[in-house]
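The structure displayed is predicted, hence computed values, not measured ones. Note that these values count all heavy atoms, side chains included, but never hydrogens, waters or copies made by symmetry.
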Amino acid sequence: MKSIIKVKQGKKNRKQGAIFEKLVRSDLESEGYTVCKWVNNVDLEQNKIVAAKPAFNPFTKSFALARGFPDYIAFKRDVVGHWVILGVEAKRTGYLDKIERQKVVWYRQNKTFDSFWISYPEGDNVMYK
């Protein structure tokens, strides 16, 4: 049986994560990027990009948006006029788990994005690495 404390903590964490994702999106847009939710994922076994599966909530009987990795794709033209395409993952801790790191390596090897950024909070600011 689930602990009431853990359920409350999970709800709190999801809410704070969603708030931080919105903050990251607005920060990127303020820097001139066009930002879109990335609804794909990497299937490491098939070695290809696949559509992320939407999450079903049995309590509300509804589907949530597909949860792709990374969270966002951001793009803008550079000074020369070439497109710069970023993969951006919002992480409140600033760290990726093992599977996420493997997916970043896959994206880099397959040159899906020009750059891959991990965003994390630092005070009231959003930082990227």
Side-chain angles (χ1 to χ4, degrees):
M1 193 163 155
K2 292 183 181 179
S3 164
I4 300 292
I5 296 169
K6 288 187 179 183
V7 170
K8 286 182 180 180
Q9 185 63 45
K11 285 181 182 180
K12 182 180 175 184
N13 289 348
R14 281 189 296 280
K15 184 178 180 181
Q16 289 176 342
I19 290 168
F20 181 65
E21 278 189 21
K22 289 178 185 176
L23 180 65
V24 169
R25 183 180 188 127
S26 65
D27 184 63
L28 288 167
E29 288 172 343
S30 72
E31 292 181 23
Y33 286 95
T34 300
V35 182
C36 300
K37 190 79 173 151
W38 182 253
V39 293
N40 295 318
N41 212 334
V42 173
D43 186 332
L44 295 171
E45 292 177 6
Q46 294 182 13
N47 194 31
K48 66 178 187 175
I49 294 176
V50 295
K53 295 178 182 171
F56 178 69
N57 183 339
F59 302 106
T60 62
K61 308 254 189 293
S62 64
F63 281 96
L65 287 175
R67 297 179 180 157
F69 181 83
D71 292 322
Y72 296 115
I73 181 172
F75 51 94
K76 73 174 180 179
R77 290 194 185 266
D78 64 7
V79 187
V80 185
H82 297 104
W83 286 103
V84 176
I85 302 171
L86 308 175
V88 182
E89 178 67 14
K91 286 289 189 181
R92 292 188 64 239
T93 61
Y95 297 102
L96 300 176
D97 65 26
K98 182 180 178 181
I99 300 295
E100 291 170 333
R101 287 192 304 268
Q102 290 173 348
K103 290 178 182 181
V104 170
V105 169
W106 190 93
Y107 281 128
R108 286 185 176 164
Q109 288 173 346
N110 290 278
K111 298 181 172 130
T112 307
F113 305 114
D114 295 322
S115 226
F116 198 97
W117 291 2
I118 301 160
S119 59
Y120 60 97
E122 180 104 5
D124 291 338
N125 300 324
V126 176
M127 304 299 288
Y128 301 95
K129 58 179 175 179

So salt bridge (charged side-chain N to carboxylate O under 4.0 Å, His left out) across residues 74-83, not counting sequence neighbours, yields none
Would I49 and L96 show up in the same hydrophobic cluster when neighbours are defined by side-chain heavy atoms closer than 4.5 Å?
yes
Can you list every salt bridge (charged side-chain N to carboxylate O under 4.0 Å, His left out) pair that touches residues 13-24, not counting sequence neighbours?
E21-K37
Say whether F69 and L28 are linked into one hydrophobic cluster, either directly or through other cluster members, by side-chain heavy-atom distances under 4.5 angstrom.
no
Only pairs at least two apart or in different chains count here, so list each salt bridge (charged side-chain N to carboxylate O under 4.0 Å, His left out) that has a residue in residues 90-101.
K91-E100
Side-chain heavy atoms under 4.5 angstrom apart, residues restricted to Ile, Leu, Val, Met, Phe, Trp, Tyr: same cluster for V84 and V24?
yes
The side chain to side chain donor-acceptor pair (under 3.5 Å) partners of N13 (sequence neighbours excluded) come to Q9
Roughly how far, to the nearest 0.5 Å, is the CH2 atom of W38 from the CG atom of L86?
12.0 Å
When rounded to the nearest 0.5 Å, the distance separating CG of N40 from OH of Y107 is 6.5 Å
Residues two or more places apart in sequence or in another chain: which of them pass salt bridge (Lys or Arg N to Asp or Glu O under 4.0 Å) with K103?
none
Anything under 3.5 Å between a donor and an acceptor, one on a side chain of residues 111-121, the other on a protein residue two or more places apart or in another chain? List them.
from, atom 1, to, atom 2, distance (Å)
D114, OD2, I85, N, 2.8
S119, OG, E89, O, 3.3

E45: what forms a side-chain contact (heavy atoms from CB on, under 4.5 Å) with it, not counting sequence neighbours?
D43
Who passes side chain to side chain donor-acceptor pair (under 3.5 Å) against Y33, sequence neighbours left out?
none
Can you tell me how far the CG atom of N47 sits from the CH2 atom of W106, to the nearest 0.5 Å?
6.0 Å
List, by chain and then residue number, the residues other than I19 in its hydrophobic cluster (Ile/Leu/Val/Met/Phe/Trp/Tyr, side-chain heavy atoms under 4.5 Å); write none if there are no others.
none
Where do G87 and P70 come nearest, in terms of heavy atoms and distance?
CA-CG, 3.9 Å
Who else is in the cluster with V80 when I, L, V, M, F, W and Y are joined by side-chain contacts under 4.5 Å?
none
Tell me the ring pair (Phe, Tyr, Trp, His ring centres under 6.0 Å) pairs involving residues 75-100, sequence neighbours left out?
F75-W83
Do the side chains of Y128 and I73 join up, straight or via other hydrophobic residues, at under 4.5 Å, putting them in one cluster?
no
Looking at CD1 of I99 and CG of L44, how far apart are the two atoms once the value is rounded to the nearest 0.5 Å?
6.5 Å
Among residues at least two apart in sequence or on other chains, which ones pass side chain to side chain donor-acceptor pair (under 3.5 Å) with N125?
none
